[in-house]
There are 2 protein chains.
Amino acid sequence: MDEQTVNARLDDIQSALQQKGHRLTRSRQKIVETLLNCGGHITADGLLELVHEIDPTVGRMTVYRTLELLSELGLIRPIYQGTGAAHYILLDGGHHHHLICSGCDAVFEFEECGLQEVGQLLAERFNFAVEGHLVEFYGRCPNCQ
Amino acid sequence: MDEQTVNARLDDIQSALQQKGHRLTRSRQKIVETLLNCGGHITADGLLELVHEIDPTVGRMTVYRTLELLSELGLIRPIYQGTGAAHYILLDGGHHHHLICSGCDAVFEFEECGLQEVGQLLAERFNFAVEGHLVEFYGRCPNCQ
DNA sequence: CTCTGTGCAAAGGATTTGCACTACG
DNA sequence: CGTAGTGCAAATCCTTTGCACAGAG
């Protein structure tokens, strides 16, 4: 994500926080900024490491709690592949599509999906404010077949 | 799942195991049988409890390892919602669709999806043997909006 | 000033590992 | 018989909790 986009998204997220009555601490700013810069798809600990490069005083707990907060606000989403650490992905109105190998857990990404209508349908039926979606196909990659 | 279906699936799974050179131990039989009977969508520990009802000598590790093995064979799939224990779902050629609330983590299930063609497309492009898929929509439920 | 947010350390829960033993094929 | 599978206990990894202190509004 280029710097301009990062700053725009940073503003969005900061206003979203403030609107919900959350404060804009220095730690949170650094965490969010780092998350945007790295493009998402990172674990809590991975993010902590990156944040420490610009400010080693930020604690692990703050990262965890900030990520939880952003999840509650619907701005990011944790995804759990395998049993290891959760990965957080940016949910900028977007969708994510993974193709995962049952054998070696390799992840491929792709773009297409025809789920806009389904999303609308669900929004109506369940009275849900749909914010994004994730599609995962499972199978075996060429090597593991 | 009725008993007849369970037995049929049990046979399928047992042959799948044997074909890959895995043994058919008593513990594994009981674990697979229990998994089929309960219909899937259960945690490793939950499954262990159920298995213990028919045989308390089966160890926790065997359950974990059997589930891992079945995952590798593409017969079941772990899904991770929130950070708690993994849930395993039966992947009998099927697909699963969840609507998840970012606020309270409630999960709703639904049926429709138009992903058969996408699956085929991916199978060709990536040379993947697609076995199933999971769709998750994120948003806010009526209570959390 | 007040109350949310922070950071530390310790607790908690789920899963994995090491190793000797068992039993399938 | 040989090797894959088993079971136990301890270890590990990720995440949460409790609590006193700090800083945003």
Side-chain angles (χ1 to χ4, degrees), chain A residues 13-35 41-52 54-73 76-88 105, chain B residues 10 13-35 41-52 54-73 76-88 104-105:
Chain A
I13 290 177
Q14 296 197 341
S15 355
L17 280 173
Q18 290 186 308
Q19 274 177 30
K20 302 274 179 174
H22 298 286
R23 293 182 181 167
L24 219 59
T25 62
R26 225 163 344 107
S27 295
R28 278 187 184 160
Q29 276 187 45
K30 284 174 181 161
I31 291 167
V32 172
E33 192 183 323
T34 305
L35 180 62
H41 222 297
I42 191 171
T43 63
D45 267 320
L47 184 57
L48 177 66
E49 263 182 56
L50 290 181
V51 171
H52 274 181
I54 61 173
D55 184 348
T57 70
V58 175
R60 170 181 280 98
M61 296 329 306
T62 306
V63 172
Y64 273 98
R65 283 188 281 227
T66 302
L67 289 172
E68 191 192 346
L69 181 59
L70 295 177
S71 298
E72 270 171 28
L73 295 175
I76 61 174
R77 202 44 176 123
I79 52 177
Y80 303 82
Q81 12 201 50
T83 189
H87 285 66
Y88 290 84
D105 288 324
Chain B
L10 199 52
I13 291 177
Q14 296 196 340
S15 354
L17 280 173
Q18 291 186 307
Q19 273 177 29
K20 301 276 179 173
H22 298 287
R23 295 180 182 170
L24 219 59
T25 63
R26 223 162 346 105
S27 294
R28 278 188 185 160
Q29 274 187 46
K30 283 174 181 160
I31 292 167
V32 172
E33 193 184 321
T34 305
L35 182 61
H41 222 297
I42 191 172
T43 63
D45 266 322
L47 185 58
L48 177 67
E49 263 183 55
L50 290 181
V51 171
H52 274 181
I54 60 172
D55 185 347
T57 69
V58 174
R60 169 181 280 98
M61 295 330 305
T62 307
V63 172
Y64 273 99
R65 283 187 281 227
T66 301
L67 289 172
E68 190 192 347
L69 180 59
L70 295 176
S71 299
E72 269 172 30
L73 295 175
I76 62 175
R77 196 64 207 164
I79 50 179
Y80 303 82
Q81 11 202 48
T83 187
H87 286 66
Y88 289 84
C104 63
D105 288 324

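None of these values were measured; they are calculated from a predicted model. Each chain gets a letter, A, B and so on, in the order the sequences are listed, and its residues count up from 1.
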Nucleotide C:dG5, atom P - distance to CG of A:L67 in whole Å
15 Å

May I have the distance from B:K30 (atom NZ) to D:dT6 (atom C1'), rounded to whole angstrom?
13 Å

Does atom CD of B:E49 have more than 12 heavy-atom neighbours from other groups under 6.0 Å away?
no

B/S/- contact track for nucleotides 20-25 of chain D, protein heavy atom under 4.0 Å
---BBS

For B:E49 and C:dA14, what is the distance between atoms CD and C1' respectively, to the nearest whole Å?
15 Å

Can you tell me the distance, in whole Å, between the CG atom of B:L47 and the P atom of C:dT15?
12 Å

Test item: B:L73 and B:I13 side chains (from C-beta on) under 4.5 Å apart, heavy atoms
no

Starting at the 5' end of nucleotides 7-15 of chain D, put B wherever the base has a protein heavy atom under 4.0 Å, S where only the sugar-phosphate does, and a dash everywhere else.
BBB----SB

Has the side chain of A:R28 got a donor or acceptor atom that lies under 3.5 Å from a matching backbone atom of A:T66?
no

Specify the separation, in whole Å, of atom CD of A:E68 and atom C1' of C:dT6.
15 Å

Distance check needed: D:dA4 P versus B:R28 CZ, whole Å only.
11 Å

Are side-chain heavy atoms of A:T34 and A:I42 found at a separation under 4.5 Å?
no

Heavy-atom side-chain contact between A:T25 and A:T62 under 4.5 Å:
no

Does a side-chain heavy-atom distance below 4.5 Å link A:L70 with A:I31?
no

Does the side chain of A:D105 come within less than 4.5 Å of A:Q81's, by heavy atoms?
no

Taking the side chain as every heavy atom from C-beta outward, state whether A:E72 and A:K20 have any pair of such atoms under 4.5 Å apart.
no

Check the distance between C:dG25's P and B:K20's NZ and give it to me in whole angstrom.
18 Å

Between the side chain of B:H41 and the main-chain N/O of B:H87, is any donor-acceptor distance below 3.5 Å?
no

Rounded to whole angstrom units, what separation is found between the CD atom of B:Q19 and the P atom of C:dG25?
14 Å

